[in-house]
Every structure is written in C-alpha cells, then in structure tokens.
Number of protein chains: 2
Amino acid sequence: MSEPLVASRTALDALLEDLEACDGLDGMRLVMRRLRDHFAVRHMAYLWLDATGLQSACDTYSEAWRTRYLDHLYLRVDPVVTGCYQRFRPVDWKRLDWSSRAARAFQADALAHGLGSQGFSVPIHGPHGQFALFSANDGRDDDAWARFSAAHGRDLILLAHFLHRKAIEIEPERRPETGQALSPREIDAMTMLAMGHSRAQVASALSISEHTLRVYIEGARFKLGAMNTTHAVARAIGRGLIVV
Amino acid sequence: MSEPLVASRTALDALLEDLEACDGLDGMRLVMRRLRDHFAVRHMAYLWLDATGLQSACDTYSEAWRTRYLDHLYLRVDPVVTGCYQRFRPVDWKRLDWSSRAARAFQADALAHGLGSQGFSVPIHGPHGQFALFSANDGRDDDAWARFSAAHGRDLILLAHFLHRKAIEIEPERRPETGQALSPREIDAMTMLAMGHSRAQVASALSISEHTLRVYIEGARFKLGAMNTTHAVARAIGRGLIVV
DNA sequence: TTCCCCCTCCCCAGAAATGGCGGGGCGCGC
DNA sequence: GCGCGCCCCGCCATTTCTGGGGAGGGGGAA
C-alpha cells in the first residue's frame, strides 16, 4: 500500500512536542510544513476565524491562493468553513454541500490554484465562540483518501487541539479578561434575562419587586462595565459568568 | 514506577472503538468504568452542561455524591466547572481558584464523599456554545499525579473528543436548534447590540435608518425564536452566530 | 420568468426599560 | 463599632424599545 503507515506513537509525539516548543506564527508555519511532509499530503492549513473574517492563519497554500481567497471573500462561500462551523465531528470534504453555484465556482477556482479535490477538516471550537479549522488536502483518489482518513483521523484531531492551543498562546490579547464576580441574585437576574424574560417576569419568578430586580440589573451592569442590559447579558455570557 | 505505562496505541484504539460502538447512555457508563480501570484512577466523569444545569452525565461517582452535587447546586460553585468554562487547555485541579469560601466548602464535601484531592479535566467546546467536561480524579500525591497527567494527557484529550461525539449522537433532540443562519446585516445588528450600542447608535454606525435596523433586529429575533432583543443577542452568542 | 429573500425606508401608539430620588435590615471582616 | 456588600422596597419622569401597519428595488435559485 502506498499510503504512509499509521503514525507511530513516538512520531506523533515528536510532532506535538515540536509544536508546543515552537515560537510564534513563523514557528507554526515551519511545523505545518513538517506536518505536510510527514503525512505526505499536498496541503495542510490551520485557520482561525472570527466574526470579522480571518483572525490568524498558518498554511502551506500558495501566496496566490491565499490572497485570492481573501479578495474573493471565499470565507463566506467555502463549504468547508460554513459546513464545519456548526459541526463537532471532523468531516470529509466530499460530505459537505457543494451544490450552490458559488460553492462550485469556488471549488473550480481552488483546483485551478493547485489544491487537490480531497480534503479532511477538523473543526475546533473554543470558549467565547472561538472557531478554527485544521484541514488536510490532497489529490489522491477516493479509496486512498478514505484509507488516509481512517489511518490518521485521530492524529489530526489531536494536532488540531494543539495547533489551536498554540494559536491562543500567540494571541494573548484574545485571552479572557478577569472581571468582578456577580452576586448570586445578580446571576439569577442575568440568567433569566438571557432566557428572554422581561423584568416583570423575572421579578415575579424571583418573588421580589421589580424595583429590587432593577437594583440587581444595575449592579450587574456596573460591575460588567456595560452600557445597557443587553450589553451586560452579552458580557456575562462572554465571560462565562452565566451559561446559556 | 507504580503508574501505568504510557497507553499503547492499540489499547487506546480499543477503548475508542468500544466507545464508538457502544449504545446509549448505559453503554457510555460501561465504557466509563472500563476507562477508570484502564487508567487506574478513583473516578472518571463526563458532564455535559447547560443553562438549566446538567444536561447529561456519565460518571463513576457514588449516587450519594451525584444527588448531593445537584441538590446543593454545586454546578454554580465547583471551580472545575467555572474554571474550565473559559478555558481551552486541559487543566490540573490544583491550578484552579479554590480561594472562595463556597469553593472550600465544596472541596471538603467532595473529599468526604470519596473523591480524591487530585484531578485533571479536559474542557470540551462544541458548536452553539456547547460545553462539556471530562475529568479524572484520584487520591495519589502531587508527584505521582504530575506523572499521570504527563503520561495520559493526550489520551484524555482524545477520549474527551470521542465522548462528546457520542453524547451528541445520543441526544439528537439537542441538534434541532434549527440553526437558521442570520443575514449579514442581521449579524451586524446583533453584534453591535451585543457591544452595548443603542438602536440609534447602531443605525447611524451602519448608515441606515433606525427603522431599517428594526427590521433586522425583528428578523433576527424571529429566526432565533427570541422573545426580545436581549434574548436574541444571548441566543446568537450561545449559538456562535456572533462573537463577543 | 417567477418566487423568495435581502436590503432599504416611513408612521403611529403602547409597552418596557432607564435614571434618579428616597427608605430599611442582615451578616461579614477590620 | 463601623464600613461594606448584599438583600429588599417605594415613586417620579424620561428615554428607548416593541408591535402593528405600509412601500419599493435588487439578486440569486428553481
């Protein structure tokens, strides 16, 4: 069989240790090239996404494809991105929805820029809705690709975890800000507001006057440095003070 | 040395395959006990959390501790839960914040119910703000526990991934969070509202009339099944549709 | 082409949230 | 004892949001 054998425990260990020890984005890029060679695929990519777009990236794609991807806003089109966003399990690109016209145009463009038709992507979800993707890409046929996925799927999951860990370490401004803790009643209030209840409903559910409830809401707003109730709830969720 | 050796690739494989093949929550519980025996620790637990509390659980704790945990609302107190919620990396329980009075009382109660003082937890984040925890607990001393973590940390990460995958499969009613996507303008609106701006501010920032903005907010409210703006923002964050 | 969704704009009136003022009691730590 | 944070309650006026109508242009998908 022409595919590499199942990675030995020590080979994977060595890669993970290099990844943990490497320095900055440049170090990650170096490791990424080593990963590509180790797994003998055409491309490997780690992309950290964001509401505003690409937050940080580390891949073996050509510069031409990278700029084209950004210029054409392919982030909003690429079925790999849109498909993985709501998914937990890793996925083979064949199983995604390529039916829309934009997706097919994107696919043709990708092939024209040196990508292979096969792909395997691991979604990475973090706290505060963080989302990243780790993908392997190659041109081999369906059977060979299925064997590749079966052999290396678990290694890729582990690598995805450590890649994102490294990316978080590199972007310290993304780390959660420590805030003042809310009182139990304030947490109750924020939680019920986040569930969609009005102040009157929350007050009656907590068996307190609506004015008392206001005191809690204002207290939480102040502690969270929020402009209004919606802002306070958003911050409370974002800081993990309440769970939705 | 008294700790088990690094799990061989095939032993871990066997456990993962059993996990993938097992059936329902009972099957998971069986696998959990096998994991406990395999790693030779006192307890192992997988907890899937939720706004309303515990969504599904699978652990080797005593029934007494389980009910006590729920009755005393320890979910809101347990530093393992609150600490892991904002975290991506696995964490040793010693590194969490046990300084509050409630946390110390909780710790004493846990020890009294047969838990060991050492623990290692892997946070699991999924799409739509899903959050779960996979923990190992034991009573050995600091050095032995450090060796355990170093030897098995990666296996536990992989196991956490597959446990959550199984849990998602078992709870299909969790998925029909009919992930209706928001339009770009709706995302803009929700994002800016979550940042604390008033409708007037958002409208002027987006250079649209306040009435148009209202259409977006109402559209988002409808798609998210939300009662009001605050609810809609909370859901949008919870489902990972916007980033805070 | 037709349909559907997205984007944009407008009016009105009622409901809800906010800002500011006041009051009281309980338990904890310095 | 004193201060502080937490818990609870009242009334005022103002701002903001919400719910019901209405309109038109544009672009992608079947």
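Lettering follows sequence order; numbering is per chain, from 1.
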- prompt: So which nucleotide from dC17(D), dT8(C), dC7(C) ends up closest to the side chain of Pro184(B)?
  reply: dC7(C)

Spacing of Arg221(B) atom CZ relative to dC17(D) atom C1', expressed in whole Å: 9 Å

message: Is the ring pair Phe39(A)/Phe148(A) parallel, tilted or perpendicular, if the boundaries are 30 and 60 degrees?
response: perpendicular

task: May I have the distance from His211(B) (atom NE2) to dG22(D) (atom C1'), rounded to whole angstrom?
output: 12 Å

query: To the nearest Å, how far apart are Glu186(A) CD and dC7(D) C1'?
result: 11 Å

message: Before you tell me yes or no, could you show the steps for Trp65(A) and Asp59(A) under side-chain hydrogen bond (donor to acceptor under 3.5 Å, both in side chains), namely the whole-Å CA-CA distance, both residues' side-chain angles and the distance that decides it to 0.1 Å?
response: CA-CA 11 Å; Trp65(A) 175 239; Asp59(A) 57 65; over 6 Å; no

query: What parts of residues 201-210 of chain A reach DNA chain D, counting only heavy atoms under 4.0 Å away?
result: Ile208(A), Ser209(A)

query: What integer distance in Å separates Met227(B):CE from dA16(C):P?
result: 11 Å

field: Gap between atoms CD1 and P, on Ile187(B) and dC6(C) respectively (whole Å)
entry: 11 Å

message: Check this one for me: any side-chain N or O of Tyr216(A) less than 4.0 Å away from OP1 or OP2 of dC8(D)?
response: yes

- prompt: Any luck finding a side-chain donor-acceptor pair between Asp142(B) and Gln118(B) under 3.5 Å?
  reply: yes

- prompt: Ignoring hydrogens and angles, does a donor from either the side chain of Arg214(A) or the base of dG10(D) sit under 3.5 Å from an acceptor on the other?
  reply: no

query: Over how many whole Å does the gap from Asn228(A) atom CG to dT14(D) atom P extend?
result: 22 Å

- prompt: Taking the six-membered ring of Tyr216(A), is NZ or CZ of Arg221(A) closer than 6.0 Å to its centre and within 45° of its axis?
  reply: no

- prompt: Taking 4.0 angstrom as the limit, do Glu218(A) and Arg214(A) come out as a salt bridge?
  reply: yes

- prompt: Under a 4.0 Å N-O cut-off, is there an ion pair linking Asp188(B) with Arg185(B)?
  reply: yes

- request: Test the Arg66(A)-Tyr69(A) pair against the cation-pi criterion, namely NZ or CZ under 6.0 angstrom from the six-membered ring centroid and within 45° of the ring axis.
  value: no

message: Among dC6(D), dG10(D), dC7(D), which nucleotide has an atom closest to any side-chain atom of Lys223(A)?
response: dC6(D)

- prompt: Rounded to whole angstroms, how far apart are CD1 on Ile217(A) and C1' on dG20(C)?
  reply: 16 Å

task: Under 4.0 Å between any heavy atoms, over every strand shown, what does Thr212(B) touch: base, sugar-phosphate, or nothing? Just pick one.
output: base

query: Between Leu213(A) (CG) and dC8(D) (C1'), how many Å, whole number?
result: 12 Å

query: Which nucleotide sits closest to the side chain of Ser183(B): dC8(D), dC7(C), dG20(C)?
result: dC7(C)

